[in-house]
Amino acid sequence: MPPKKRARSSAKSNKHTDADAQHSEVSDDVAQLKTGKRKSHWLMKSEAESRIENGVDVKFGIEDLKSLPNQTGCWDGVRNYQARNFMRDMKVGQQAFFYHSNCKEPGIAGLMKIVKEAYVDHTQFDTKDAHYDPSSKADNPKWSMVDVQFERMTKRFIPLTELKKYHLQHKAKGEPLKDMALFTRARLSVQPLTAEEFDFVLSLENEDPR
DNA sequence: GCCAACGTTGGC
DNA sequence: GCCAACGTTGGC
C-alpha cells in the first residue's frame, strides 16, 4: 500500500510548465557547475499527523515510512509542477531530509535516500485516492513519484524555528542557509538543497538546540 | 481556526 | 497573454 503524501493543488493543465522547466534546468545546470552549487540533496515534506482529505487520511510520517517493508515506499500524491520536476531530477543514492509539515512542531525528523528514480504516480488515476486527478489521462500521465528508503532518524529533531533563526542570521552574513528553499519557497513540498545547505543542516544534529 | 503567500484558472 | 478571482499550503 503506497504512502499518502500531502499535495493538494488541483491539477489542471498548464501548457507552459514542462518546457519552461526544461529551459531553466539547462541554465541552472550551467550556473550550478560554475558555482559548485548544483542541487544534489532534497527536502521532502509530509504530514505526520492525521488529516482527512477527500475522505482519506493523508498521514504519512517518518515512522510510517520506517514501518513499510524494506523501510521503502513511493512518494506519491505530489500535485505541483515544480515539486514534480524536482522529483524527476532525483538520482538513485541521493539523500533527502524527511520534513514533518502542517503539525504542532514542524521540522526535520530524519534522512532517507532515493532508491528509484521518477516513474508514473498511479494514484493520479485512483478515484479513491486523496490526490486523484481526473484531468490526467493514462496515455499521458501528468504526475510522477520516486521511491525512497528510510535511512535514519536525525540524532535530534531539528525544528523549523531553529532553521529559521539560522536563515535570518545567514541572510545578513552570506552564510549557508541564506537562500534555503524552505524559506524562500515556503510552499514547495519537494525542494532542492545544495551540498553546502545540506551539510550545514545536518551538522545541527550534533549541536545543542538553540 | 486564521490568514498570508502564492500557484492555478479562466474570462476577456 | 493579462490579471482578478479562487484554491491550497502550512506556519502560527
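So you know, we letter chains A, B, ... as the sequences are listed, proteins then strands, and number each from 1. Being a predicted model, the structure only gives us computed values, none of them experimental.
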What protein N or O atoms touch nucleotides 2-6 of chain B N or O atoms at under 3.5 angstrom, if any, and at what distances?
residue : atom : partner  : partner atom : Å
B/dA5   : N3   : A/Arg187 : NH1          : 3.3
B/dC6   : O4'  : A/Arg187 : NH1          : 3.0
B/dC6   : O2   : A/Arg187 : NH1          : 2.2

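- Rounded to an integer number of Å, the gap from CD of A/Glu162 to P of C/dG11 is 16 Å.
- Legend: residues meeting side-chain contact (heavy atoms from CB on, under 4.5 Å) with A/Pro159, ordered by chain and number and at least two apart, are A/Glu105, A/Arg156, A/Phe157, A/Thr161, A/Glu162.
- Within the structure, every pair that satisfies the salt bridge (Lys or Arg N to Asp or Glu O under 4.0 Å) test and touches residues 60-75 of chain A, not counting sequence neighbours, is listed here: A/Lys59-A/Asp64.
- When rounded to the nearest whole Å, the span between CZ of A/Arg79 and P of B/dT8 equals 14 Å.
- Between A/Lys164 and C/dG10 there is no side-chain polar atom (N or O) within less than 4.0 angstrom of OP1 or OP2.
- A perpendicular orientation is assigned to the rings of A/Phe60 and A/Trp75, their planes being inclined by more than 60° (bins at 30° and 60°).
- Backbone-only contact: A/Tyr99 has heavy atoms under 4.0 Å from sugar-phosphate atoms and none from a base.
- Side-chain contact check for A/Gln124 and A/Ser136: at least one donor-acceptor pair (N or O, by modelled atom type) lies under 3.5 Å.
- In the set C/dG10, C/dC12, B/dT8, the nucleotide with an atom closest to the side chain of A/Thr161 is C/dC12.
- Remark: C1' of C/dG11 and CZ of A/Phe183 are 11 Å apart, rounded to the nearest angstrom.
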Donor-acceptor list for residues 170-177 of chain A side chains, cut-off 3.5 Å, not counting sequence neighbours:
residue  : atom : partner  : partner atom : Å
A/His170 : ND1  : A/Leu177 : N            : 2.9

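- The side-chain contact (heavy atoms from CB on, under 4.5 Å) test applied to A/Ala181 returns A/Thr184, A/Arg185, A/Gln191, not counting sequence neighbours.
- A/Glu105 places its CD atom 11 Å from the P atom of C/dC12, with the value rounded to the nearest Å.
- Distance, A/Asn102 CG to C/dC12 C1': 11 Å, rounded to whole Å.
- We find that NZ of A/Lys45 is positioned 17 Å from P of C/dT8, with the value rounded to whole Å.
- Sequence neighbours left out, the pairs with a member in residues 110-121 of chain A that pass side-chain hydrogen bond (donor to acceptor under 3.5 Å, both in side chains) are A/Arg79-A/Asp121, A/Tyr119-A/Asp147, A/Asp121-A/Thr123.
- Whole-Å rounding puts the A/Asn54 CG to C/dG7 P distance at 14 Å.
- Here the P atom of nucleotide C/dG10 and the NZ atom of A/Lys104 are 18 Å apart, to the nearest Å.
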